[in-house]
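Some notes on the structure that comes next.
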Amino acid sequence: MFRGLLTSRWVGLTIVMLIVVAGCVFLGLWQLGVAQDEGRKEAVSAAAALPRAPLTEVATTHSAFKAEFSNRPVSATGTYAAELGFVVPDRRLGGRVGSWVVTPLETPVGTVAVLRGFVDGTPTTVPPPPEGTVTVLGTLGPGESPRSGPPLPDGQRRGIDLAQLVNEWPGDLYNVVLLASSESGHTAAALARVPPPEADAPLNLKNLAYAIQWWVFGLFAIWMWWKMFRAEQQPAVPESAAPREDAHA
């Protein structure tokens with residue numbers, strides 16, 4: 001039966017079918033990417049639109065990071081533990097290569113890692129935070145996974161690994177990173193603020209439906225190709241001879 005595929009007609013139809021299916025798969029994947037981007041934008045926008053709240057009303061210490069925390073505006077008041085601050089080298093911001101500046105903020109409830117900003121290059125000393133009681137305004141983001149590599153000089157780390165910091169910093173640790181947008185009484189002119197990271201968000205349902213629709217079209221093209229091929233390969237059924245009329249009727 002499959003020898004029929006070797007004819008020029010069916011070689012051409014098979015190529016056309018494969019092109020159509022490939023196009024449907026590509027368009028479905030494109031719509032899936034759009035669904036992810038739109039879902040992320042909606043989640044970030046929804047979080048950013050929420051009124052700013054004290055950190056203590058949004059998260060608790062030692063609790064897991066929730067998806068709705070991403071880009072959530074919060075405030076935190078406490079004192080910086082300057083001696084425990086560090087920089088994270090080899091980071092990028094708008095085409096610039098530099099370092100993140102991270103300092104723990106000790107609040108009456110617990111300690112939170114504050115990403116105070118970005119500096120060009122790799123400073124030999126950690127830029128000092130403001131002294132005394134300070135109120136930090138910013139948005140929340142998750143910690144980072146561990147990164148391996150050769151030892152770094154004192155005052156440098158490869159990332160904001162909260163699982164490691166919980167054993168090194170005093171007090172109960174919040175499982176969030178506070179990306180500072182302002183610090184009371186301190187302009188931090190040398191620091192460029194770091195924008196919130198992209199959030200993992202649910203898919204946009206409309207574009208997800210479009211993606212599924214394209215994939216269904218691809219399956220339909222395969223089904224139609226197979227149906228046409230099977231129909232052509234079926235042997236013709238001879239018509240039954242009509243009964244002769246009795247000449248003596």
Side-chain angles (χ1 to χ4, degrees), residues 39-88 91 93 99-119 126-146 155 157-189 191-202:
R40 182 179 295 111
K41 291 177 183 178
E42 291 175 2
V44 170
S45 298
L50 294 173
R52 190 179 304 278
L55 177 61
T56 54
E57 296 181 6
V58 176
T60 57
T61 57
H62 301 298
S63 61
F65 186 89
K66 300 179 181 179
E68 59 265 27
F69 288 172
S70 292
N71 207 37
R72 178 70 163 84
V74 298
S75 63
T77 301
T79 56
Y80 279 119
E83 70 281 2
L84 298 177
F86 60 87
V87 297
V88 182
R91 295 304 168 106
L93 181 65
S99 305
W100 286 352
V101 179
V102 181
T103 311
L105 181 72
E106 297 180 317
T107 75
V109 177
T111 301
V112 59
V114 178
L115 175 49
R116 300 185 53 237
F118 172 94
V119 292
V126 181
E131 299 179 355
T133 302
V134 60
T135 296
V136 181
L137 305 183
T139 56
L140 297 181
E144 297 185 300
S145 301
R157 293 179 182 266
R158 299 191 183 280
I160 310 176
D161 183 1
L162 299 177
Q164 183 180 22
L165 295 175
V166 70
N167 298 316
E168 301 178 13
W169 283 356
D172 296 322
L173 185 65
Y174 283 96
N175 192 30
V176 298
V177 176
L178 176 52
L179 288 78
S181 57
S182 68
E183 300 164 295
S184 63
H186 188 73
T187 58
L191 298 180
R193 300 304 182 184
V194 178
E198 293 186 349
D200 293 330

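All values derive from a computational prediction rather than experimental measurement. In this chain, residues are counted from 1 in sequence order.
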- Task: Write down the atom of E144, the atom of R91, and the distance for their closest heavy-atom approach.
- Result: OE2-NH1, 2.9 Å

- Which pair of heavy atoms, one from P129 and one from Y80, lies closest together, and at what distance? CB-CD1, 3.4 Å

- Item | CG on L105 to CG on L84, rounded to 0.5 Å | 12.0 Å

- May I ask you to decide if V74's main-chain N or O and R52's side chain share a donor-acceptor pair within less than 3.5 Å? yes

- Note on the structure: Which of L165, L115, V114 passes side-chain contact (heavy atoms from CB on, under 4.5 Å) with V102? It is L115

- Item | Approximate separation, where rounding is to 0.5 Å, of L179 CG and F118 CZ | 13.5 Å

- Task: Start with the C-alpha distance between T56 and Y174, add both sets of side-chain angles, then the distance that settles side chain to side chain contact (heavy atoms under 4.5 Å, CB included), and finish with yes or no.
- Result: CA-CA 10 Å; T56 54; Y174 283 96; 3.5 Å; yes

- Item | L191 versus G117, closest heavy-atom pair with distance | CB-CA, 4.3 Å

- When rounded to the nearest 0.5 angstrom, what distance separates CG in L93 from CH2 in W100? 9.5 Å

- Write down the atom of V134, the atom of P130, and the distance for their closest heavy-atom approach. CG2-CG, 4.0 Å

- When you measure from the side chain of T111 to the backbone N and O of P170, does any donor-acceptor pair fall under 3.5 Å? yes

- Task: Output the distance between atom CG (L55) and atom CZ (F69), rounded to the nearest 0.5 Å.
- Result: 8.5 Å

- Under-4.0 Å salt bridge between R157 and E168: yes

- Note on the structure: Nearest heavy-atom contact between L162 and L173 is O-CD2, 3.7 Å

- Query: Hey, is CD on E131 packed in by over 12 heavy atoms from elsewhere, all under 6.0 Å?
  - Reply: no

- Heavy-atom pair of closest approach, residues L137 and S75: CD2-CB, 3.5 Å

- Whether T103 side chain and A82 backbone form a donor-acceptor pair below 3.5 Å: no

- Item | Interatomic distance, L140 atom CG to N175 atom CG [nearest 0.5 angstrom] | 11.0 Å

- Task: For the residue pair V126 and V101, establish whether any side-chain heavy-atom pair is separated by less than 4.5 Å.
- Result: yes

- Message: Does V109 form a side chain to side chain contact (heavy atoms under 4.5 Å, CB included) with D172? I'd like the steps, not just the answer.
- Response: CA-CA 8 Å; V109 177; D172 296 322; over 6 Å; no

- In Å and rounded to the nearest 0.5 Å, what is the CZ to CG distance from R116 to L178? 11.5 Å

